[in-house]
Amino acid sequence: MNYWLMKSEPDAFGLDDLAARPDRTEPWDGVRNYQARNMLRDAMRPGDQILFYHSNCTVPGVVGIAEVASDAYPDSTAFDPEAKYFDPKSDPEKPRWYLVEVRYVRHLKRTLSLAELKAHADGALAGFPLVRNGNRLSVMPVTPEQWDFILALESETD
DNA sequence: GCCAACGTTGGC
DNA sequence: GCCAACGTTGGC
């Protein structure tokens with residue numbers, strides 16, 4: 001089993017929105033970055049655990065846990081001229097973009113803010129892409145050690 | 001709203 | 001294949 005972090009803008013689709021979905025599951029469409037695509041398509045498996053991260057908001061940070069709920073399959077929004085993430089270069093016969101379905105697991109007891117995580121950028125979280133400047137990856141791998149460290153912060157008083 | 005980081009595009 | 005221009009992400 002693998003661990004991941006996925007970003008979402010709470011104004012567009014946040015953890016509460018995921019929890020409110022039928023079966024608490026949502027197809028994670030709109031990924032249009034090759035690095036992220038490769039991880040979705042080639043490495044994610046059902047049951048993989050996800051740190052759910054809120055970006056572009058008052059307190060960016062990890063707010064909950066989700067899990068991968070399907071194998072990767074082509075992102076059909078890329079074929080739809082009306083869709084926000086339409087990509088005319090993605091051919092249904094040879095899809096360029098993929099998605100996985102994501103299922104809500106739980107909210108964290110408190111938000112683990114980016115600022116708090118960054119305090120460990122030279123320690124336990126050295127090498128974690130999220131705490132590097134200018135990182136724009138919306139999907140990134142998390143090592144088991146990073147996963148355990150981050151979730152241990154949940155029980156600490158901030 | 002600003003701006004740094006960085007991925008993508010396209011001219012050559 | 002280089003690289004400048006451009007667009008987007010996302011923290012602040």
Side-chain angles (χ1 to χ4, degrees), chain A residues 2-21 26-44 48-66 68 72-102 104-105 107-143 146-147 149-154 156-158:
Chain A
N2 292 311
Y3 299 106
W4 308 95
L5 180 143
M6 294 175 83
K7 293 180 184 173
S8 183
E9 300 190 13
D11 288 346
F13 190 88
L15 186 61
D16 292 337
D17 297 300
L18 182 63
R21 279 305 202 227
E26 178 77 358
W28 208 253
D29 58 23
V31 172
R32 298 290 181 269
N33 168 285
Y34 288 104
Q35 260 185 285
R37 187 278 312 270
N38 291 346
M39 289 186 273
L40 288 177
R41 187 190 57 186
D42 305 333
M44 280 196 179
D48 284 1
Q49 300 291 296
I50 300 164
L51 294 173
F52 199 99
Y53 179 89
H54 279 172
S55 65
N56 247 320
C57 54
T58 313
V59 183
V62 176
V63 294
I65 298 182
V68 178
Y73 57 90
D75 181 350
S76 60
T77 66
F79 312 136
D80 176 3
E82 304 297 316
K84 182 177 175 191
Y85 296 107
F86 174 59
D87 180 358
K89 293 179 218 161
S90 186
D91 176 355
E93 297 300 310
K94 206 178 173 213
R96 175 177 293 194
W97 304 114
Y98 286 75
L99 60 75
V100 296
E101 294 178 9
V102 170
Y104 172 85
V105 174
H107 279 71
L108 296 190
K109 287 180 280 186
R110 65 186 189 90
T111 297
L112 306 177
S113 71
L114 179 61
E116 183 177 357
L117 297 176
K118 274 189 168 172
H120 303 280
D122 295 324
L125 298 182
F128 189 41
L130 185 75
V131 297
R132 285 209 293 265
N133 266 2
N135 113 81
R136 295 170 44 193
L137 264 186
S138 62
V139 178
M140 68 185 74
V142 179
T143 69
Q146 289 161 351
W147 176 274
F149 178 83
I150 291 168
L151 287 184
L153 295 175
E154 183 188 8
E156 294 181 9
T157 47
D158 194 10

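Numbers restart at 1 for each chain; the letters A, B, ... are given by sequence-line order, proteins then strands.
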Around atom CG of A:Asp42, are there more than 12 heavy atoms of other residues, nucleotides or ligands at under 6.0 Å? yes
Heavy-atom nearest nucleotide on DNA chain C for A:Lys118 versus A:Tyr85: which residue maps closer to 5'? A:Tyr85
Footprint ends on DNA chain C, 5' to 3', for atoms under 4.0 angstrom from a heavy atom of chain A, come out as C:dG7 to C:dC12
Sort out for me which residue in A:Trp4, A:Trp97, A:Phe52, A:Tyr85 forms a ring-ring contact (aromatic ring centres under 6.0 Å, His included) with A:Trp28. A:Phe52
Rounding to 10°, can you tell me the angle the first-five-pair axis of the helix from B:dG1-C:dC12 to B:dC12-C:dG1 makes with its last-five-pair axis? 10°
What residues form a ring pair (Phe, Tyr, Trp, His ring centres under 6.0 Å) with A:Phe86, not counting sequence neighbours? none
Test item: A:Asp80 side-chain N/O and A:Thr77 main-chain N/O as donor-acceptor pair under 3.5 Å: no
Counting only N and O atoms by type, is there a donor-acceptor contact under 3.5 Å from the side chain of A:Lys7 to the main-chain atoms of A:Leu137? yes
Within residues 126-133 of chain A, those residues having any heavy atom closer than 4.0 Å to DNA chain B are A:Asn133
Looking at residues at least two apart in the chain, or sitting in another chain, which of them share a ring pair (Phe, Tyr, Trp, His ring centres under 6.0 Å) with A:Tyr98? none
One should read off an interatomic distance between A:Glu156 CD and A:Glu116 CD, to the nearest 0.5 angstrom, of 7.0 Å
Could you list the donor-acceptor pairs under 3.5 angstrom formed by side chains in residues 53-64 of chain A, with sequence neighbours left out?
| residue | atom | partner | partner atom | Å |
| --- | --- | --- | --- | --- |
| A:His54 | NE2 | A:Leu15 | N | 3.1 |
| A:Asn56 | ND2 | A:Glu9 | OE2 | 3.2 |

On a heavy-atom basis, which atom in A:Ala43 and which in A:Asn2 lie closest, and how many Å separate them? O-ND2, 3.4 Å
Which residue lies more 5' along DNA chain B, comparing A:Asn56 with A:Asn33 via nearest heavy atoms: A:Asn56
Looking at A:Arg32 and A:Asp87, does any basic side-chain N land under 4.0 Å from a carboxylate oxygen? no
